[in-house]
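I have placed the structure first, in the form of structure tokens, so that the comments after it can refer back to it.
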Amino acid sequence: MSKTNLLSIFIISSLLSACGFHVPKNSAPINASVTGDVNSLFITEFKKHLDASAMPSLQLEIGNEVQTNQTAAYKKNGDSSSYTLTLSVPIKVLRAQKVLLSKNLTTSITVRKLSTLRSKSQADKLQIKRSFSQLRETLATKLLRILQHLNAN
């Protein structure tokens, strides 16, 4: 490793530590007992991130996901220039029968160049399916952050 690389690593780490950046100390594994439609795509995605060996400290009630497609703009030939896809999942977090949090987790994404005709192309359908899968991953990450925070308290 050259002296320049070593010096730049030292300077960057000094700047990060000076501005208050630190690795979280409470990174305990998270597990929760999940109730809801266990075959839903969101619950399946979320359970991938749980640590099955950890003792469940929270109870999670997850409702059915709601998907919405909204056309954002039209072109003259019947095609839309973009779609806004939104995914919402109602959750309730409990600890010892006490409700800690009850809210709808929502996220959205804009997808471009989809046709608005009734017979959408196979590529459009795959792009929508892939986008909703990406939204599920985003919501699972949001929920994990919430659970990390609630588990720390």
Review point. Where do Lys92 and Val99 land on the side chain to side chain contact (heavy atoms under 4.5 Å, CB included) test, with the steps shown first?
Key: CA-CA 7 Å; Lys92 189 183 287 188; Val99 177; 4.1 Å; yes

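- Here the CG atom belonging to Asn64 is positioned 11.0 Å from the CG atom belonging to Leu41, to the nearest 0.5 angstrom.
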**Study point:** Full working for side chain to side chain contact (heavy atoms under 4.5 Å, CB included) between Gln59 and Arg95
**Key:** CA-CA 6 Å; Gln59 182 181 355; Arg95 180 182 289 139; over 6 Å; no

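- Between Leu105 and Leu143, the shortest heavy-atom contact is CD1-CB, 3.8 Å.
- Proximity of a side-chain donor or acceptor of Ser133 to a complementary backbone N or O of Lys129 within less than 3.5 Å is not detected.
- With values rounded to the nearest 0.5 angstrom, Ser88 atom OG is found 10.0 Å from Phe42 atom CZ.
- Scanning all heavy atoms of the two residues, the minimum distance from Ser33 to Pro56 falls at N-CB, 3.9 Å.
- If you take CG on Leu147 and NE2 on His149, they are separated by 11.0 Å, rounding to the nearest 0.5 Å.
- Considering Ile91, Val93, Leu94 in turn, Leu94 is the only one that fulfils the side chain to side chain contact (heavy atoms under 4.5 Å, CB included) rule with Glu61.
- Atom CD1 of Ile146 and atom CG of Leu58 lie 11.5 Å apart (nearest 0.5 Å).
- Here Lys142 contributes atom NZ and Thr106 contributes atom OG1; the two are 7.0 Å apart, rounded to the nearest 0.5 Å.
- For the residue pair Val89 and Gly63, the shortest heavy atom distance occurs at CG1-O, 3.9 Å.
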Point to revise | Val66 vs Leu87, side chain to side chain contact (heavy atoms under 4.5 Å, CB included): CA-CA, chis, key distance, verdict | key: CA-CA 6 Å; Val66 177; Leu87 184 67; over 6 Å; no

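- Partner Phe132 forms a side chain to side chain contact (heavy atoms under 4.5 Å, CB included) with one of Ile109, Val111, Leu85 and no other, that one being Leu85.
- With contacts defined as side-chain heavy-atom distances shorter than 4.5 Å, the pair Arg136/Thr138 does not qualify.
- Evaluation of the side chain to side chain contact (heavy atoms under 4.5 Å, CB included) rule for Leu144 yields Phe46, His49, Leu50 as partners, not counting sequence neighbours.
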Practice item. Output, in order, the C-alpha distance, side-chain angles, deciding distance and verdict of side chain to side chain contact (heavy atoms under 4.5 Å, CB included) for Thr86 and Asn69. Key: CA-CA 7 Å; Thr86 304; Asn69 303 357; over 6 Å; no

